[in-house]
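Note sheet for the following structure.
No hydrogens, no waters, no symmetry mates; every other heavy atom, side chains included, goes into these values.
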Amino acid sequence: MNDRRPAACAALVCAAGSCVASVTWATPPEAPPTLLEPYAGYDVVFGPAADRVLGPEAAPFIEKMLTGPGANLAPGCALGDLTVEPARITGQVTCAGAMWSIAVRARTATDAGLTATAQFVLEVASPPVTCDAACLAQRGAVQAELARRVRAREATIPWQHVRSAPGSAAGRFTLALETAQRACATADHAAARRALTTAVEAVPIDAMNSRDLFDFALLAGEASAAAESSTAVTALQTRVTRGQVAKDPGPEAIRAAGELARAIQALAGEVTAAADAAVRCAAAPRPCDVIAVVRALAATHQFQAAARVLDAGPLRPGVVPPGDLLKLRFGLASALRDADAELALGRRWVTAWPDDPRGPDLVAAGLGRAGRYREAIETLHDLVRAHPERDIVLGRIAGLLAFLTFAAGQDAGAKADLDAIEARMQLAAASPTDLVARFVVATRAYYAGRLAEALPQLEALQGTGNRDPRLPLYLAMTHHWLGHSAVAVEHIERAVAIGPSDPDVFYCRSQIVRGWNLPLAIADLRRYEAMTSQPWSIGPKIKTDRVAAELACLERGELPPDWDKPGPDRVPFDPANQRGKPVSADVRAGTAPMPGAPTPTVALPPPPTPVGTAPDGQPRPRPDTPAPWLPWVLIASVAAALAVRWFVRKPPK
């Protein structure tokens, strides 16, 4: 492991007969890189499967996980010191004079008590003395209680991926796969393919180990790099057939051969056979790890088959599910447009981990999918009140409000729900700490066209430190409709930077720049369409139709009517009887100046360097202007090359 982190020491503090293990880091490790937070399940399906390590913030979670609350480990047994290392937690349990060593590791193998699909694997080693039946029973009780505690907390432990040394081939390879993952999550498949090319330059396909080949194949398939995916699958199949997987580094290589064989079946299109084999294996008395085949089925969009494997194995009824697999299963339900399953999975999370804020978050997503917008908004509002740190839900609430507003125009029940939400938020907005309510009040003023009222409210929220990209997004759009182009660009660029997984940041940037930069506006609308057409996306059909009509206008070189302008000046959407406004050649080329600015601030392609003026008033040659003799040299060179080809060419046969 190249990214070794300093171990943490755990001291056992005892008072009044009770002991609590406290864990502290000796030296602060380097801060982990900021990673995209994708939609539920996406990172598990397509992301690199590198080994995970514990970050510095994991220590208090581990303390809670292993030390209580709960029953005693076993009669006469006490938990001793804990040591937190990058990939495991170790400690001792003392029982009637015998000392048992315990280890809780990242997911690497199957062991008693927890399957390999859990985030943690628990081991309790035998003591170095003869152990009779009573001793073995005591050991079993210790292991069962520790397993219960691990299951109760495992989904809350933060992990990081192992990183190879910066600049090394392995480090460049992993970084390229992560870049491809982010690009796939935002439907930028061209960027993903470029990243995969970088990965192959760092580590050629024939030099990848089996796990890297598998990750590369999945990402290449998702990025529509069919040739690269096929090559990787063939290489992986050859490696499995020849028994070469067992020679890969790591203790799990032998077991991985069976997993990869089933996964290759799925990648090769043998979906039923792969799923059936995985179901049998997952339901066996000693179940196998089915993550590889589930990832392969999901990556090839065989979502129903992937869900069946999970439901028959690690997520079968009656077991406490591992958090990462429950999140993956929720992503599959989203891809299947199965609101009932989303709700059931979200509630299952809440039951397993009632203090974890991700449970209500998933429940709200299921309610939104089911069209129960009021309940979804209220769930998210209550969630942020209980967990102020969960400050990245404003965009979802804004979207749910938009859906509810549209439904309210067609249904009396939805209109009553909208009125109830607005009354609730108006009342709650009196509290300066209720950012959700203040945000809703500000955006309702925006959509009503009261821009001068909405602007100071949004600016006040901007100073709260909230991380949601919808704050700069709404500020950008408010400034845009007020005619403040430069400020609008500044805010929308920040929204794109902090929220690349939110398709609306690209839609809004398209709106802002289309008046002077048509290529960027078209590219952003295409990105928006690609992101919202992914299986797990949620959106009303009316916006899908409007975006398609806007894109058609832009591609004809026309500005669409103001179909999305807030307030009474909004143009009703009627594309069959409406035409856009033609734009100039420099707008079509993306070289027109932004209104109020001398040169374009955002451009695709970049604008040419402006010509300066010499002291004598004559135009100054640009730095890239060729010397006056260069064209003649080029012409002479071309002529000479043609002459050589004429005289040395072979006569036709």
Could you tell me the separation between the [atom1] atom of [X] and the [atom2] atom of [Y], rounded to the nearest 0.5 Å?
| X | Y | atom1 | atom2 | value |
| --- | --- | --- | --- | --- |
| Arg295 | Leu218 | CZ | CG | 5.0 Å |
| Tyr373 | Ile397 | OH | CD1 | 15.0 Å |
| Ile377 | Asp417 | CD1 | CG | 9.0 Å |
| Phe506 | Thr532 | CZ | OG1 | 12.0 Å |
| Phe403 | Leu400 | CZ | CG | 6.5 Å |
| Ile392 | Ile498 | CD1 | CD1 | 10.5 Å |

Kindly give the heavy-atom pair with the smallest separation between Arg369 and Ser334, and that separation in Å.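 Residues Arg369 and Ser334, closest heavy atoms: NH2-O, 3.1 Å.
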
How far apart are the closest heavy atoms of Leu458 and Ala442, and which atoms are they?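 That would be CD2-CB, 3.8 Å.
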
Heavy atoms, side chains only, cut-off 4.5 Å: are [X] and [Y] in contact?
| X | Y | value |
| --- | --- | --- |
| Leu401 | Arg444 | yes |
| Tyr507 | Val547 | yes |
| Arg193 | Thr197 | no |
| Met594 | Val489 | yes |
| Ile492 | Pro472 | no |
| Arg588 | Val583 | yes |

[X] side-chain N/O to [Y] backbone N/O, donor-acceptor pair under 3.5 Å:
| X | Y | answer |
| --- | --- | --- |
| Ser168 | Gly171 | yes |
| Asp562 | Lys565 | no |
| Thr300 | Ala296 | yes |
| Gln302 | Leu297 | no |
| Asp468 | Gly395 | yes |
| Asp434 | Ala437 | yes |
| Arg390 | Val384 | no |
| Thr464 | Leu461 | yes |
| Gln578 | Pro572 | yes |
| Thr179 | Ala195 | no |

Side chain to side chain contact (heavy atoms under 4.5 Å, CB included) evaluation trace for Val203 with Asp212: CA-CA 10 Å; Val203 180; Asp212 289 344; 5.8 Å; no

Between the side chains of Ser584 and Asp586, is a donor N or O closer than 3.5 angstrom to an acceptor N or O?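 Distance-only check passes for Ser584 and Asp586.
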
Would you say the side chains of Thr379 and Arg372 form a donor-acceptor pair under 3.5 Å?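 Distance-only check fails for Thr379 and Arg372.
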
Evaluate the side chain to side chain contact (heavy atoms under 4.5 Å, CB included) criterion for residues Val233 and Leu236: first the C-alpha distance (whole Å), next the side-chain angles of each, then the deciding distance (0.1 Å), finally the verdict. CA-CA 5 Å; Val233 170; Leu236 188 60; 5.6 Å; no

When you measure from the centre of the six-membered ring of Phe573, is the NZ or CZ of Arg546 closer than 6.0 Å and no more than 45° off the axis?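 Here Arg546 fails the 6.0 Å and 45° test against Phe573.
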
Apply side chain to side chain contact (heavy atoms under 4.5 Å, CB included) to the pair Leu482 and Leu455, showing each step before the final yes or no. CA-CA 10 Å; Leu482 288 171; Leu455 184 58; 4.0 Å; yes

Pairing of Glu555 and Arg526 as salt bridge, 4.0 angstrom limit: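 Yes.
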
Is Arg527 paired with Asp188 through a side-chain N to carboxylate O contact shorter than 4.0 Å?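 Counted as a salt bridge, because a side-chain N and a carboxylate O are separated by less than 4.0 Å.
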
Does any pair with a residue in residues 512-524 pass salt bridge (Lys or Arg N to Asp or Glu O under 4.0 Å), and if so which ones, sequence neighbours excluded?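 Checked against salt bridge (Lys or Arg N to Asp or Glu O under 4.0 Å) - neighbours excluded - the pairs reaching residues 512-524 are Arg509-Asp524, Arg514-Glu550.
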
Going by the angle between their ring planes, with limits at 30° and 60°, are Tyr474 and Phe439 parallel, tilted or perpendicular?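 Rings of Tyr474 and Phe439: perpendicular, over 60°.
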
